[in-house]
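Each remark here refers to the structure printed beneath this line.
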Amino acid sequence: MGMGMKNLTSWEYLRTQPEVIWHYLSLVVWPKQLGFDYLWRIQDNPLVYLPVGSTILGLVIAGGYLYWRGAVRNQSFASGLAGWLLLTFFFILAPTSTIIPIVDMAVEHRMYLPTAVVVTGIALAARSVAGKLLRTSERPAILRAGFACFVIAILGMLGWRTHLRNLDYRDGLILWQTAIDASPRNPRAWYQLGLEHFNRGRRKDALPMMVKAVGFSSTSFPIFDAGLAACLNDVGRVDDALTLYQRALAKKPNYKEAHNDLGAIYLKRSQVELAKASFQAAADLGDASAAYNLGL
């Protein structure tokens, strides 16, 4: 993160954040499609970021006006409190959701503290509306019972949604599938899902997921190339695997696992000197299995 990032400017980050903030707010009201890893894309369409950004700017201005009206002019305590809540929400989000670029555009944990402000505002607004309705109602007891049923229903639904989300964390396959559901073109999520299958011995199932990880990437990433290479090697496409391992190492020369895996392919093909060089490079980088392979 920081103002000196080469692949992400402050303007690109700023024009994308209004869309992200509205997504955050929708999750506070109903956490339907939570994502472990969004890899949110830069918003390039002015027909999207200008109106959406205007709504966020309008909320900030409204918060400032309400706070000035209530706290400075002492005209309304409720207005001052509403303005304070709005301004506090944006103040807490400001370090991660304005002009300082961060590699990940959207991460849900940035909303943990601001969520408290939103929930407090909703609760106070609901209490105010309920109080006004009760004061003017001819049958307040029935209205209270209705309010109680409504609150119980809301708590029950949110509690059940939380329970379902917690179940996602029991299994990496489910967790990364939910990340793909929230962001279908996320190469990191596809790679992690493929890795889960690969580590469980489901190499053929992992292959199409590794292909998508490489295909959805805007540029070549060594870890994705190496993951796909491992799958290709397992299904007998050794030449393709070699090409991908070499591409990974060209971008990341200190990738010790790739050196070791490449050495294993060379050794299997009886190219002993090439295998020795690859194992030696990995062993020099601290890979214990490569030192063992070098001994062989």
Side chains of W68 and S79, donor plus acceptor under 3.5 Å: no
4.5 Å side-chain heavy-atom contact, V107 and W40: no
Polar side chain donor-acceptor pair, Y38 to E108, under 3.5 angstrom: yes
Side-chain heavy-atom pair Y49, T16 within 4.5 angstrom cut-off: no
Row check, Y255 ring normal vs K252 NZ/CZ: under 6.0 Å, within 45°: yes
Transitive ILVMFWY side-chain link W22 to F90, under 4.5 Å: yes
I56 and Q17, any side-chain heavy atoms less than 4.5 Å apart: no
Straight-line distance of H197 NE2 to L207 CG, nearest 0.5 Å: 12.0 Å
Greater than 12 external heavy atoms within 6.0 Å of R127's CZ: no
Test log, rule salt bridge (charged side-chain N to carboxylate O under 4.0 Å, His left out), inputs D44 and R15: CA-CA 8 Å; D44 293 320; R15 72 182 186 224; 2.6 Å; yes
Path from I174 to L195 over hydrophobic side-chain contacts below 4.5 Å: no
Test log, rule side chain to side chain contact (heavy atoms under 4.5 Å, CB included), inputs Y13 and I100: CA-CA 7 Å; Y13 195 78; I100 303 174; 5.8 Å; no
Heavy-atom closest pair, residues R185 and R41: O-NH2, 2.6 Å
Side chains of C231 and R203 in contact at under 4.5 Å (non-hydrogen atoms): no
Given F198, F224, F221, the one that forms ring-ring contact (aromatic ring centres under 6.0 Å, His included) with Y191: F224
Stepwise side chain to side chain contact (heavy atoms under 4.5 Å, CB included) check, R165 with L34: CA-CA 8 Å; R165 181 56 172 171; L34 297 165; 3.8 Å; yes
Transitive ILVMFWY side-chain link L87 to L57, under 4.5 Å: no
Stepwise side chain to side chain contact (heavy atoms under 4.5 Å, CB included) test for Q43 and N45: CA-CA 6 Å; Q43 181 55 257; N45 188 355; 3.3 Å; yes
Within-4.5 Å side-chain heavy-atom neighbours: T9 and M3: no
For N260 against A282, the heavy-atom pair lying closest together: N-CB, 3.8 Å
Donor + acceptor pair across side chains of D225, S220 (<3.5 Å): yes
Shortest non-hydrogen separation from A283 to A290 and the atoms involved: N-CB, 3.7 Å
Salt bridge (charged side-chain N to carboxylate O under 4.0 Å, His left out) between D261 and K256, worked out: CA-CA 9 Å; D261 292 344; K256 59 184 181 181; over 6 Å; no
Given D240, D234, D239, the one that forms salt bridge (charged side-chain N to carboxylate O under 4.0 Å, His left out) with R237: D240
Atom of D37, atom of S183 and distance for their closest heavy-atom approach: O-CB, 4.4 Å
Donor-acceptor side-chain pairing of R110 and T96 below 3.5 angstrom: no
Atom of A275, atom of G263 and distance for their closest heavy-atom approach: CB-O, 3.4 Å
Flag if over 12 foreign heavy atoms under 6.0 Å of CH2, W84: no
Evaluation steps, side chain to side chain contact (heavy atoms under 4.5 Å, CB included), between V118 and I122: CA-CA 6 Å; V118 179; I122 292 173; 4.0 Å; yes
Side chain to side chain, N293 and L267, heavy atoms closer than 4.5 Å: no
Taking every non-hydrogen atom, the tightest pair across A179 and A189: CB-CB, 4.0 Å
NZ/NE/NH1/NH2 to OD/OE distance under 4.0 Å, D171 and R200: yes
ILVMFWY cluster, L164 and M157 together (side-chain gap under 4.5 Å): no
Sub-4.5 Å side-chain heavy-atom contact between M105 and L8: yes
Linked, directly or transitively: L143 and V151 (ILVMFWY side chains, under 4.5 Å): no
Pair R202 + D205: basic N to acidic O under 4.0 Å: no
W190 side chain near V214 side chain, heavy-atom distance below 4.5 Å: no
Gap separating the CZ atom of F147 from the CG atom of L133, nearest 0.5 angstrom: 5.0 Å
Lys/Arg-Asp/Glu bridge criterion (N-O < 4.0 Å) met for K32, D181: no
Spacing of E138 atom CD and I142 atom CD1 [to the nearest 0.5 Å]: 10.5 Å
Gap between atom CG of L294 and atom OG of S278 - 0.5 Å precision: 10.5 Å
More than 12 heavy atoms from other groups under 6.0 Å of OH on Y24: yes
